[in-house]
Asker: 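Here's a structure for you.
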Amino acid sequence: GSYLGPGGEALAAKGGEPVRATRAPWRKENKADEEARELEGQSYLRPAQQALEAGQWEAVRTTLEPWLKQNKGDAEARALVCESYYRPGAAALSQGDWPVARTALAALNAYEASYKDAFELERQSYLRPAQQALEAGQWEAVRTTLEPWLKQNKGDGRALELCLLHISQT
């Protein structure tokens with residue numbers, strides 16, 4: 001048997017003597033491996049992309065989970081998973097469905113903390129209903145809405161301000 005030495009030359013297994021062999025067969029195998037890996041990746045990415053476009057958020061994640069276990073650095077796959085949380089979270093936020101928005105955006109922020117404006121959108125899923133409660137004079141609702149957010153984000157000035165307004169009104 002032989003193996004590649006530090007300079008890339010083939011070395012005999014016993015004596016370490018250089019063996020006259022070209023590296024071309026190694027390159028062909030590597031190229032074939034790369035092509036196979038690319039095809040395998042596409043077998044996960046394409047169905048996940050289709051699921052994303054169809055709004056099947058959970059299907060995106062379950063399709064890509066096995067691939068990402070072996071290929072954590074696949075940016076395209078990670079972006080699809082992020083979008084599977086971001087899109088329903090942003091849509092729920094725009095519709096005022098605060099619990100759904102919080103769930104999706106918190107999951108996204110736990111998965112990929114710096115994805116787009118997900119942190120700010122999650123923050124808004126607490127601030128907007130708290131502001132509405134404040135304007136309606138529902139002081140207790142202000143507190144109960146903001147408490148979970150402030151437990152995790154103690155330095156959020158706007159949330160603290162709304163809490164202080166709640167305190168001053170009670």
Side-chain angles (χ1 to χ4, degrees), residues 30-31 33-170:
N30 288 339
K31 182 139 180 76
D33 288 348
E34 288 172 25
E35 289 171 358
R37 192 125 189 94
E38 176 64 26
L39 287 173
E40 182 184 14
Q42 289 302 315
S43 76
Y44 288 95
L45 292 169
R46 287 184 182 168
Q49 182 68 47
Q50 290 171 345
L52 183 72
E53 297 311 320
Q56 299 169 340
W57 317 123
E58 191 60 35
V60 174
R61 293 176 224 133
T62 57
T63 299
L64 290 173
E65 187 177 289
W67 175 252
L68 283 168
K69 281 183 181 177
Q70 300 298 317
N71 303 278
K72 289 176 176 51
D74 186 329
E76 185 178 357
R78 290 186 65 80
L80 288 171
V81 171
C82 288
E83 279 296 308
S84 77
Y85 290 112
Y86 185 87
R87 291 182 187 184
L93 183 68
S94 70
Q95 296 165 1
D97 191 344
W98 315 125
V100 170
R102 286 180 197 137
T103 300
L105 294 165
L108 172 55
N109 285 317
Y111 181 77
E112 186 78 48
S114 61
Y115 191 75
K116 294 186 180 179
D117 59 346
F119 180 82
E120 180 57 28
L121 293 183
E122 183 184 0
R123 179 177 180 261
Q124 289 299 318
S125 75
Y126 289 91
L127 293 180
R128 290 180 190 176
Q131 184 68 45
Q132 290 173 350
L134 184 69
E135 291 166 2
Q138 299 169 339
W139 317 120
E140 186 63 20
V142 174
R143 183 186 62 76
T144 58
T145 299
L146 291 176
E147 271 183 347
W149 178 255
L150 285 170
K151 282 181 181 176
Q152 294 180 335
N153 303 279
K154 291 175 178 40
D156 188 333
R158 179 64 184 137
L160 288 169
E161 179 185 332
L162 287 174
C163 274
L164 291 174
L165 284 170
H166 152 68
I167 292 168
S168 70
Q169 299 295 324
T170 55

Asker: So, taking the atom named CG in Asp156 and the one named CZ in Arg123, what distance separates them when rounded to the nearest 0.5 Å?
Answerer: 4.0 Å
Asker: Mind jotting down which residue pairs meet the side chain to side chain donor-acceptor pair (under 3.5 Å) criterion with at least one end in residues 90-99? Sequence neighbours excluded, please.
Answerer: none
Asker: What's the separation between atom CG in Leu146 and atom CG in Leu127, rounded to the nearest 0.5 Å?
Answerer: 6.5 Å
Asker: Measuring only between side-chain heavy atoms, which start at C-beta, is Pro88 closer than 4.5 Å to Val100?
Answerer: no
Asker: The test is salt bridge (Lys or Arg N to Asp or Glu O under 4.0 Å); show your working for Lys151 and Glu147 and say whether it passes.
Answerer: CA-CA 6 Å; Lys151 282 181 181 176; Glu147 271 183 347; 5.5 Å; no
Asker: Please test Arg158 against Gln124 for side chain to side chain donor-acceptor pair (under 3.5 Å), starting from the C-alpha separation and ending with a verdict.
Answerer: CA-CA 10 Å; Arg158 179 64 184 137; Gln124 289 299 318; over 6 Å; no
Asker: Grab the two heavy atoms, one from Leu105 and one from Ala90, that are nearest each other, plus how far apart they are.
Answerer: CD2-N, 4.5 Å
Asker: Could you check whether any side-chain N or O of Asp74 sits under 3.5 Å from a backbone N or O of Ala77, counting only pairs where one atom can act as donor and the other as acceptor?
Answerer: yes
Asker: Which atom pair, heavy atoms only, marks the closest approach of Gly89 to Ala101?
Answerer: O-CB, 3.6 Å
Asker: Within the structure provided, determine whether Tyr85 and Glu112 are in side-chain contact (heavy-atom separation under 4.5 Å).
Answerer: no
Asker: So, taking the atom named OG in Ser43 and the one named CH2 in Trp67, what distance separates them when rounded to the nearest 0.5 Å?
Answerer: 7.0 Å
Asker: Tell me, yes or no, whether the heavy-atom count around Glu76 atom CD, taken from other residues, nucleotides or ligands under 6.0 Å, exceeds 12.
Answerer: no
Asker: Give a yes or no on whether Gln70 atom CD has more than 12 heavy-atom contacts from other residues, nucleotides or ligands under 6.0 Å away.
Answerer: no
Asker: Search all heavy atoms of Gln42 against all heavy atoms of Pro47 and return the closest pair with its distance.
Answerer: O-CD, 3.8 Å
Asker: Could you state the interatomic distance from CH2 (Trp57) to CD (Glu83), rounded to the nearest 0.5 Å?
Answerer: 8.0 Å
Asker: Look at Glu34 together with Arg37 and state whether they make a salt bridge at an N to O cut-off of under 4.0 Å.
Answerer: no
Asker: Before accepting this row, confirm whether a basic side-chain N of the pair Arg102/Glu122 lies closer than 4.0 Å to the acidic partner's carboxylate O.
Answerer: no
Asker: Nearest 0.5 angstrom please: Arg46 CZ to Thr63 OG1, how far?
Answerer: 14.5 Å
Asker: To the nearest 0.5 angstrom, please state how far the CD atom of Glu120 sits from the CG atom of Asn109.
Answerer: 10.5 Å
Asker: Quick one: sort the Tyr86 and Tyr115 rings into parallel, tilted or perpendicular, breaks at 30° and 60°.
Answerer: perpendicular
Asker: Quick check: do Phe119 and Asn153 have side-chain heavy atoms less than 4.5 Å from each other?
Answerer: yes
Asker: Output every pair passing salt bridge (Lys or Arg N to Asp or Glu O under 4.0 Å) with a member in residues 50-59, not counting sequence neighbours, ordered by first then second residue.
Answerer: Glu53-Arg87, Glu58-Arg61
